[in-house]
Amino acid sequence: MRVQLPDGKEREVPDGSTFLDLAKSIGPGLAKAVVAAKLDGELMDLQAPIPRFGTVQLLKADAPEAEEIIRHSCEHVLATAVIRLFKGAQVTMGPQDHSKDFYYDFDIGRAFSPEDLEKIEAEMKKIVAEDVAFVRKEVPKDEAVQLFQSLGQRFKPEILAWIPGDTVTLYQDADFIDLCRGPHVPSAGRIGAFRLLGAAGAYWRGDATKDPLQRIRGVAFKDEKALKAWDEKMELARQRDHRRLGKELGLFGFSPLAPASPFFLPKGAVIYNQMLAYMRGQYRRFGYQEVITPQIYSVDVFKTSGHYANYRENMYFADPGHSDEEIQKTAPGPLKNSEFSVKPMNCPGHCVLFGMGHHSFRDLPWRVADFGRLHRAEGEAVHGMMRVRTFCQDDAHIFVSEDGMQSEMSTFMELVDEVYGDFGLTDVTVVVATRPEKRLGSDAIWDRAEKALMTALEEKGRKYTVAPGEGAFYGPKIELHVKDGLDRDWQLGTIQVDFALPERFELEYVGADGARHRPVMLHRAIFGSLERFFGVYLEHTGGAYPIWLSPVQAAILPITDRAMAHADVVAAALEKAGVRVWIDRRNEKLGKKIAEGRVQKYPYLLVIGDREVEQGGAALRTRGGEDLGYQPLEALVAKIGSEARLPGSDRPVRVTGAIGVAAEDNQRPA
RNA sequence: GCCAACUUAGCUCAGGGGUAGAGCAACGGUUUCGUAAACCGUAGGUCGCGAGUUCAAUUCUCGCAGUUGGCUCCA
């Protein structure tokens, strides 16, 4: 049997040799370090006989694929420990993807306790220390079925039933035999370091109607160093946790008296309002008009929109049980509390608004933005700011003719690029979600809408992936995914085509031909939920906001009481230039004021002592620790004042027609 | 909704069937200080809420609420 090595050289090994034999023939050091093999790019077990001629790559523990194999093998060590410690434990299976962690689902008739996990981990350490061998076997399928039946394992035969082919591979390490396609490490000693992360409930095949199982999760690495690096990464994520930073920086809080509903403290409210101010500026430049719409509507609105039928479990309703009976009796006819509900989305209100007047084709596209507060009765899947029950979206709806759709989407992508760019979010990916099986509207209309989305992206030279069938029942959509500083993916912005709501609300405009036409409605957002974006961005920046968003842009640190009067003068000059200033008047040493100023991530620290009082300026220091030395007052005001301005405020208007921007004739459809 | 854990001072956390603990923060005083955290003192608690067991519950049991982690069929 001949094989080719990655350097192009060929090598001869006896027929029936395994990849491990090959490694041994090259050198004993390599044989010890190698974890798995690749034949023409396909992962192979070291113990498998080399099946054919091809290019063989021997993978050492530091190869990315090797780390996945280590995790997978560690998963088997976990199962080995569990069947040793829990008589009659039923084993099931683990995940397909081992790129981050591993798990294995068991049934032991009860939940694992933290003490159980400690015992399991200790047993696993023993197995790894013993360097237990992983033995690979190929057997006929019916033999495997018999084997697992004799072992009293009831899930394995079920798994065997859905595996194609006549033979299957088994792996045995110590007293545990598992059905597994591998590959695995040759022996448990190659698992350099691991840790169990906890146990949680799961279901057989992820189906809540099937057997409840207990899932144990863990991580494994080639060595202790890699585990330590993982620990450090986790620690960094903990430090950047927006719930922790929100508390530390005094931005927001939560109360059990309004569960999953953020309270913005003054500093958090500054950031929130700056986000709104920034977006309003962008809206003005891109031809949007802001509207303000009611919070509570007659349920009829949501019956018309379809929310009552499809979204009811997520909506809040006014409870008549809290009204005085007499008031209920004497209230004017339609005002029965039970007939009202709180809006979970702005779109139905905007349809009502559109329907309130007549519209000419000259009014389209009609772009209405709404920062209305929304309430959704989310279940238990709430999480800090990331998933809340009340929030605000940078929500806007564009009522447009079908012909105008593509140009709107194209301009929207320009707006999106500017916004994410201004926030320093550069890693953006685009997904187009196309028609699902259950959908509204004709195929011809879907063809046009999907084409409009894709053409708009292609025109801009944007790469995108297609998620077939992932669109909403009312129309296709573009999803904008952003990667944050911790390498996590978030879906923030979206633009969705909607044929359904204009239909349901019977919206019309008068066309150039004098006939009535139905507009298409585009739903779009860039931040998505402001609350969630707030959380994502807080973790992205670790609290070191760009200066225009910072609640305190310049902290003034007087060294002694003698500097206080001059601190007031400097503060007043900066405030006049629009800078948000705070003076640390506490009776503390300068070192402490600086330490806390940096914890609070104030962009600039202005130190004022006797020298600065005399010279009239301040000593400037950045939150990064950079000392910019003495600066005269005028220089401070000019520098900080200009940096503190909202981005985009000096950019030209991109789309005319919004309130405050003169509409030009060429903007109107011909 | 399901599985599990947690809830003690403003914050971070220790403790434990019989008088509740620390650090930071707060407050008072001393110190007036030059680039990452002065010193002394004071105050702060229905130990999440409700019920049960007990001579006695913050501690044990049950219920509720809030919060956290997990709920990714595919060897």
Side-chain angles (χ1 to χ4, degrees), chain A residues 72 75-76 79 91-105 110-114 116-117 141 144 148 153 155-165 167-171 177-184 197-217 241 243-244 247-248 250 253-261 313 378-384 557-564 586-599 605-612 618-623 625-630:
Chain A
H72 187 186
E75 189 177 305
H76 281 237
V91 298
T92 65
M93 56 198 172
Q96 195 169 23
D97 175 11
H98 291 94
S99 58
K100 288 201 175 81
D101 53 10
F102 66 82
Y103 63 73
Y104 207 103
D105 291 348
R110 61 170 177 90
F112 289 104
S113 68
D116 291 336
L117 288 181
K141 205 195 270 180
F148 286 114
Q153 290 293 340
F155 292 102
K156 289 290 168 182
E158 198 178 322
I159 299 170
L160 279 159
W162 76 68
I163 297 173
T167 60
V168 293
T169 51
L170 301 179
Y171 277 86
I177 303 180
D178 202 5
L179 172 67
C180 183
R181 75 181 128 211
H184 278 286
L197 298 178
Y203 294 99
W204 174 232
R205 303 183 67 185
D207 183 341
T209 64
K210 296 202 159 71
D211 302 53
L213 304 171
Q214 287 297 316
R215 170 168 301 177
I216 298 181
R217 293 170 51 251
D241 188 309
R243 293 165 298 186
R244 175 198 176 109
K247 240 180 235 173
E248 264 178 29
F254 288 90
S255 161
L257 297 173
S261 305
E313 66 279 7
E378 299 285 356
E380 285 175 16
V382 293
H383 176 87
L557 314 182
I559 295 176
T560 69
D561 291 347
R562 291 190 300 277
M564 215 58 88
R586 295 173 310 162
N587 177 11
E588 294 290 354
K589 292 175 77 169
L590 178 61
K592 177 154 186 174
K593 291 183 180 182
I594 285 173
E596 286 188 7
R598 295 198 57 187
V599 167
L605 301 176
L606 279 64
V607 176
I608 298 181
D610 293 339
R611 289 204 295 273
E612 289 74 20
L620 190 60
R621 187 191 159 110
T622 67
R623 65 182 153 206
E626 198 186 348
D627 186 358
L628 301 176
Y630 173 79

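The sequence lines fix the lettering, A, B, ..., with proteins before strands; numbering per chain opens at 1.
Residue K156(A) is classed as a sugar-phosphate contact, given heavy-atom separations below 4.0 Å to backbone atoms only. Contact annotation for G384(A): backbone-only contact, meaning every heavy-atom pair under 4.0 Å involves sugar-phosphate atoms and none involves a base. Among the heavy atoms of the strands, none lies under 4.0 Å from G597(A). Within 4.0 Å (heavy atoms only), F112(A) reaches no atom of the nucleic acid at all. Using a 4.0 Å heavy-atom distance criterion, R243(A) is classed as a sugar-phosphate-only contact. Across all strands shown, E248(A) has no heavy atoms under 4.0 Å from either base or sugar-phosphate atoms. At a threshold of 4.0 angstrom between heavy atoms, the contacts of I163(A) include nucleobase atoms, whether or not backbone atoms are also involved.
Using cut-offs of 30° and 60° for the angle between ring planes, the H98(A) and H72(A) rings count as parallel.
Salt bridge present: R110(A) and D116(A) bring a charged side-chain N and a carboxylate O closer than 4.0 Å. The residues R621(A) and D627(A) are annotated as not salt-bridged, no charged nitrogen and carboxylate oxygen being separated by less than 4.0 angstrom. Note on R244(A) versus D241(A): no salt bridge recorded, every NZ/NE/NH1/NH2 to OD/OE distance being 4.0 Å or above. Note on E75(A) versus R217(A): no salt bridge recorded, every NZ/NE/NH1/NH2 to OD/OE distance being 4.0 Å or above. A salt bridge links K156(A) with D178(A): the closest approach of a Lys/Arg side-chain nitrogen to an acidic carboxylate oxygen falls below 4.0 angstrom.
Between E596(A) and R586(A) the shortest side-chain heavy-atom distance falls below 4.5 Å.
Nucleotide U19(B) carries a syn base; the chi torsion (O4'-C1'-N9-C4 or O4'-C1'-N1-C2) is within 90° of 0.
The CZ atom of R215(A) sits 12 Å away from the C1' atom of C74(B) (whole-angstrom rounding). Note: CD1 (I216(A)) to C1' (C71(B)) measures 15 Å, nearest angstrom. In this structure, D241(A) places its CG atom 12 Å from C1' of G69(B), rounding to the nearest Å. Atom NZ of K100(A) and atom C1' of G70(B) are 16 Å apart (whole Å).
For the pair L160(A) and L213(A), nearest-nucleotide mapping onto RNA chain B gives the more 5' position to L213(A). Judged by closest nucleotide on RNA chain B, K247(A) is the one of K247(A) and A260(A) placed further toward the 5' end.
For the side-chain contact (heavy atoms from CB on, under 4.5 Å) with F155(A), the lone residue among L160(A), D105(A), T92(A) that qualifies is T92(A).
The phosphate of G70(B) (OP1 or OP2) has no side-chain N or O of Y203(A) nearer than 4.0 angstrom.
For the P atom pair drawn from A43(B) and A22(B), the interatomic distance equals 12 Å after rounding to whole Å. Nucleotides C24(B) and A56(B) place their C1' atoms 35 Å apart, quoted to the nearest Å. Taking the C1' atoms as reference points, G15(B) lies 23 Å from U53(B), given to the whole Å. Atom C1' of U61(B) sits at a distance of 32 Å from the matching atom of C11(B), rounded to the whole Å. Look at the P atom in both G70(B) and A37(B): the space between them is 37 Å, to the nearest Å.
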* Just do the salt bridge (charged side-chain N to carboxylate O under 4.0 Å, His left out) check on E248(A) and R243(A) with the steps written out, would you? => CA-CA 9 Å; E248(A) 264 178 29; R243(A) 293 165 298 186; over 6 Å; no
* Structure fact -> Quick tally for nucleotides 33-41 of chain B: nucleotides whose base has a protein heavy atom under 4.0 Å get B, sugar-phosphate-only ones S, the rest -, giving BBBBBB---
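Nearest nucleotide to the P256(A) side chain, out of C73(B), G66(B), A4(B): G66(B). Side-chain atoms of M93(A) lie closest to C74(B) of the nucleotides C74(B), U32(B), U68(B).
Helical stems of RNA chain B (runs of at least 3 Watson-Crick or G-U pairs, donor-acceptor distances under 3.5 Å) are listed by first residue: B:1-7 with B:65-71, B:10-13 with B:21-24, B:26-30 with B:38-42, B:48-52 with B:60-64.
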